[in-house]
Amino acid sequence: MEPAKLTPKSLSAFQQALLDYYDKCRRSLPWRDENDPYRILVSEVMLQQTRVETVREYYRRWLKQFPDLQSLAAADSHEVLKAWEGLGYYRRARRLHETARVIVEQGNGTVPRTLDGLRELPGIGEYTAGAMASIAFGEAVPAVDGNVRRVLSRIFDVSDPRPSWLRGTAAGLIERDRPGDWNQALMELGATVCVPRRPECDVCPVSTWCLAHQAGTESDRPTKSKRSCPKRIQLALAVLYDDQQVFLIRRFWDGLLGGMWAFPEVEVSGMSDAETGARAAALSRGIGVVGVGQPLPTCKHRFTHIEATYHPFAFRSAVSPVEDGAVWVLATAPTSFALPTAQKKVLASFVEHIL
DNA sequence: CAGTCGTGGAC
DNA sequence: TGTCCAAGACT
């Protein structure tokens, strides 16, 4: 087909081409062909900044554990966090839990049906509200995620589209009969064909109308922002143990890994090895440490904006009564305690070297 | 508004 | 190896 420009006159052909592609080629996903607002909600929150393949299994287990809004609203915070363990961005779990409680307690269990109503809920931003409103309730509103941003940036050959332009443009393209499918079709195209690197324009159903493809600029659209390099920090960490038990504390709800269980730690960036060991020992004050700390191999862990190097030390101790927010658990099976990936690494190292 | 907030996979 | 990125939200 000859190159064409996307105009009000050609819009319906563009819509038809993309929806045909979606109907024919869409991936089979557990949350597709689903009209339960709660299930749509869970999938959308899990998918925030997280790959489809990662979400699949979490989604399945989550619905088994929390089959509806009521069961989630009634759940314990730590139980919720444990179900989210390993997914990352743990504040999402807390906000999803809050949202469930708000809907059950204030909304009588009825999920808001409009974008504006959904937008009020914690953890539901412009994208998620648009996705929910269009997919679950058929409201003709845009849902601009990273995929849609890339697709529109290429179709209109805009290097750095502003959020307001994206919303307005996406709103003007919506196929009014199938808003939910339309938004998902745009995302599906971005996820499978109009991908960041080496887009497959030769099989793209809408390349005819793509200005970037016509100009040969698709690889440069949208412009990739240079992100700041992660901060490097050193952390001393204390593994207090007695027989097979280790000591964990619950992190504060605010901040990194909020609410997760972890070994006591302290930042020691720039300090000497001796000072690092001393700071690790200081972490165990008051817990009844018996001997000196045994250093474990350091391990690196990369967060989004932090490159952390952990310096773990194992201290033989004695199980003693602990206050709220601390616990002794079996090192080989800390079940029911949500542990961050980095802490699991340290725990595995401890089990291997000390136990 | 630029920074905060995880993790695993692709290349 | 490092680098980028993935159905963002919130401050």
Side-chain angles (χ1 to χ4, degrees), chain A residues 22 26-27 29-32 34 39-59 81 84-96 98-99 118-136 142-151 162-164 166-167 170 180-192 194-199 219 222-233 251-260 262 300-308 338-345:
Chain A
Y22 181 67
R26 65 178 173 175
R27 294 167 294 175
L29 303 176
W31 46 88
R32 284 262 164 88
E34 178 64 64
R39 295 185 169 219
I40 305 290
L41 170 65
V42 171
S43 71
E44 290 300 342
V45 174
M46 283 189 173
L47 285 163
Q48 289 167 6
Q49 295 291 283
T50 308
R51 304 183 108 83
V52 164
E53 291 313 312
T54 302
V55 168
R56 281 183 187 273
E57 183 60 13
Y58 280 92
Y59 179 78
L81 209 46
W84 205 270
E85 179 186 57
L87 252 188
Y89 288 137
Y90 297 99
R91 207 164 295 174
R92 291 182 297 174
R94 196 178 172 201
R95 289 179 176 142
L96 179 58
E98 287 175 30
T99 278
L118 290 160
R119 196 68 180 73
E120 301 290 317
L121 297 167
I124 301 193
E126 196 63 29
Y127 161 75
T128 304
M132 288 276 297
S134 61
I135 297 170
V144 180
D145 72 335
N147 290 308
V148 176
R149 176 174 184 270
R150 183 171 56 256
V151 168
R162 311 316 311 163
S164 59
L166 285 167
R167 280 197 301 276
D181 284 344
W182 173 257
N183 284 333
Q184 292 187 83
L186 276 175
M187 291 188 270
E188 186 76 358
L189 185 72
T192 62
C194 195
V195 292
R197 285 176 295 198
R198 301 168 59 86
S219 295
T223 311
K224 38 187 178 293
S225 60
K226 37 185 174 287
R227 61 189 59 186
S228 52
C229 47
K231 189 200 307 181
R232 292 180 143 75
I233 63 171
R251 297 175 62 96
F252 296 115
W253 283 105
D254 292 325
L256 186 69
L257 306 171
M260 304 287 283
K300 290 184 180 300
H301 186 79
R302 177 182 48 82
F303 299 94
T304 302
H305 58 295
I306 295 172
E307 170 87 28
L339 291 178
T341 298
Q343 305 294 314
K344 288 185 169 183
K345 289 187 199 172

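Atoms considered below: every heavy atom in the structure, side chains included; atoms not considered: hydrogens, waters and symmetry mates. Lettering of chains follows the sequences in order, A, B, ..., and the numbering in each one begins at 1.
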Mapping A:T341 and A:R197 to their closest nucleotides on DNA chain B, which lands nearer the 5' end? A:T341
Does A:R51 contact C:dC5 through a side-chain donor or acceptor facing the base, at a distance under 3.5 Å? yes
Per atom distances to the A:H305 side chain, the nearest of B:dC11, C:dA7, B:dT4 is B:dT4
Does the ring centre of A:H305 sit less than 6.0 Å away from the ring centre of A:F303? no
Nearest to side-chain heavy atoms of A:H301, which nucleotide of C:dC5, B:dC5, B:dT7: B:dT7
Between the side-chain atoms of A:T50 and the base atoms of C:dG8, is any donor-acceptor pair under 3.5 Å? no
Close side-chain approach of A:P222 and A:R150, heavy atoms under 4.5 Å: yes
Options C:dA7, C:dA6, C:dC5, nucleotide nearest the side-chain atoms of A:P196: C:dA6
Presence of A:T304 side-chain N/O under 4.0 Å of B:dG6 phosphate oxygens OP1/OP2: no
Ignoring hydrogens and angles, are the base of B:dG8 and the side chain of A:R302 linked by a donor-acceptor pair under 3.5 Å? yes
With the side chain of A:Y127 defined as its heavy atoms from C-beta on, choose the nearest nucleotide among C:dC10, B:dG6, C:dG8. C:dG8
Nearest to the side chain of A:T128, heavy atoms from C-beta on, is which of C:dA7, C:dA9, B:dG6? C:dA9
